[in-house]
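Side-chain atoms are counted along with the backbone in the values below, which use heavy atoms only and exclude waters and symmetry mates. If you're wondering where the values come from, they're calculated on a predicted model, not measured in any experiment.
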Amino acid sequence: MLKAGPSQEEIRQHNLGTLLRHVHLGGPVSRTVLADRMGLNRSTIMALTSELTSAGLVREELPKETGRAGRPSLVVRPESDRVYVLAFDVAVDRLVAARVGLGGKILDRREAVRARAGADLDDVVEVLAGLARRIHREAAPDSICVGVGAAYCGMIRPGDGMVRFGPNMGWVDQAFGAELGLRLGLGLPVSVGNEAHLGALAEHERGVGIGFANLVYLHGDVGVGGGIIVGGKLLDGDGGYGCELGHMIVNPYNGRPCGCGSRGCLEAEVGEQALLDAAGRASELVGHDGIRAVVDAAGRGDLAAQNALDRIGDWLGIGVANLINLFNPGLVIFGGMLRDIYRGSADQVHRRVAANGLVISREKVQLRTSVLGNDVTLIGAAELAFSEILARPLEVLARTTS
């Protein structure tokens with residue numbers, strides 16, 4: 001029996017979402033370019049943009065300069081100030097909340113310090129909800145929140161935002177998504193993702209990874225997380241817990257103990273504590289400030305700091321070589337505190353990749369740092385929050401405003 005193809009209405013809804021996604025990710029774009037990108041005729045594009053304009057999701061205007069004779073093609077822009085999501089980033093040392101407009105523009109951003117105090121679900125939710133309330137008060141009266149997304153530094157159960165395991169803060173089976181949703185009181189579910197997975201998606205869609213179908217993203221906080229894009233899609237694993245790159249074993253025999261209970265994990269050998277210990281600075285600064293202090297000292301000729309970075313860079317290079325051999329990515333991205341560690345140990349990382357990476361797999365791979373900076377996981381959380389309206393724009397908007 002032949003399976004029926006999509007109906008005209010399904011095709012229309014798909015095209016509305018696709019067009020909105022082009023405008024959201026690519027910024028202002030003309031009707032002509034949209035027609036070329038989507039493979040649709042101009043009258044269809046006009047009808048789609050008219051619907052999205054009537055819904056208040058985009059606006060159309062004449063281009064500032066055309067350079068061509070004849071009637072110019074209207075430019076379609078996202079309604080960034082009217083349609084927004086709330087995005088949250090829960091890292092080991094900080095809590096961030098933001099209002100992010102359609103198109104990816106951060107309209108308002110608030111940050112608070114997070115103490116390293118163990119399982120602190122109630123405190124985290126209370127602080128984030130307080131930041132969100134202040135952000136909400138500053139939003140224009142006619143603006144609409146269409147989604148909520150959060151990045152968390154741990155293993156997240158897909159669907160309900162349960163933190164199954166957060167080794168650096170002792171979170172085990174904490175109902176983060178549900179509790180935050182209740183405390184916010186917006187009537188919107190909170191979509192939660194692993195911070196490194198969301199960082200990979202953010203860099204792939206908005207950062208240095210644009211145009212790469214296959215990439216590896218390594219994110220450093222206190223430990224190391226990772227996200228892998230294969231064929232343009234996130235590799236998530238059978239239960240959604242894939243790509244725990246920081247718990248790849250690189251030093252099994254005399255490795256450092258890891259918060260996961262194992263020894264010699266990549267994050268144990270290259271994480272914050274490993275670098276500070278190697279540099280003899282364990283009693284000084286911690287977090288990003290501590291990492292930058294070591295890297296800056298090495299740049300000034302401090303021998304202990306240079307030796308520490310060489311050691312950490314060697315272990316990092318071993319991990320990267322393994323990932324290159326396994327996944328043959330076109331790009332490896334270093335984010336979070338690994339941006340600074342890679343900055344101070346790039347030569348050692350490259351030497352290890354050259355020594356241990358398969359020639360065919362490494363011959364074209366690029367090693368780069370994140371261009372989205374400290375907001376990479378926050379931007380990933382925002383994209384998670386936008387995902388539903390980008391898939392079904394008019395349906396989600398109607399539900400949100402009803």
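- Taking CG from Asp289 and CG from Asp340, the interatomic distance works out to 10.0 Å, rounded to the nearest 0.5 Å.
- In the model, Asn374 has a side-chain atom that pairs as donor or acceptor with a side-chain atom of Arg339 under 3.5 Å.
- Aromatic pair Phe386/His24: ring centres closer than 6.0 Å.
- By the side-chain contact (heavy atoms from CB on, under 4.5 Å) test, Ser7 is found to be paired with Glu9, Glu10, residues two or more places apart in sequence or in another chain being considered.
- Using a 3.5 Å distance cut-off with no hydrogens or angles, the side chains of Ser361 and Asn325 do not pair a donor with an acceptor.
- For the pair Arg116 and Trp171, the NZ or CZ position fails the cation-pi test of under 6.0 Å to the six-membered ring centre and within 45 degrees of the ring normal.
- Judged purely by atom type and a 3.5 angstrom limit, Ser143 has no side-chain atom pairing as donor or acceptor with the backbone of Val83.
- Summarising the local packing, CD of Glu61 is surrounded by more than 12 heavy atoms from other residues, nucleotides or ligands at distances under 6.0 Å.
- When all heavy atoms are compared, the tightest approach of Leu102 to Leu390 is CD1-CD2, 4.5 Å.
- By the 30° and 60° cut-offs, the orientation of the rings of Tyr342 relative to His350 is tilted.
- Between the side chain of Asp221 and the backbone N or O of Gly223, no donor-acceptor pair lies under 3.5 Å.
- Considering CD of Glu179 and CE of Met162, their distance stands at 9.5 Å, rounded to 0.5 Å.
- For Met38, the side-chain contact (heavy atoms from CB on, under 4.5 Å) test picks out Asn15, Thr18, Leu19, His22, Leu40, Ile45, Leu48, with sequence neighbours left out.
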Under the salt bridge (Lys or Arg N to Asp or Glu O under 4.0 Å) criterion, do Arg281 and Asp302 qualify, and how do the steps go?
CA-CA 12 Å; Arg281 294 170 175 251; Asp302 184 304; 3.7 Å; yes
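- Using a 3.5 Å distance cut-off with no hydrogens or angles, the side chains of Glu272 and His288 do not pair a donor with an acceptor.
- Salt-bridge check for Arg77 with Glu60: failed, with every basic side-chain N at 4.0 Å or more from each acidic carboxylate O.
- Pairs engaging residues 307-327 under the salt bridge (Lys or Arg N to Asp or Glu O under 4.0 Å) rule: Asp314-Arg352 [sequence neighbours left out].
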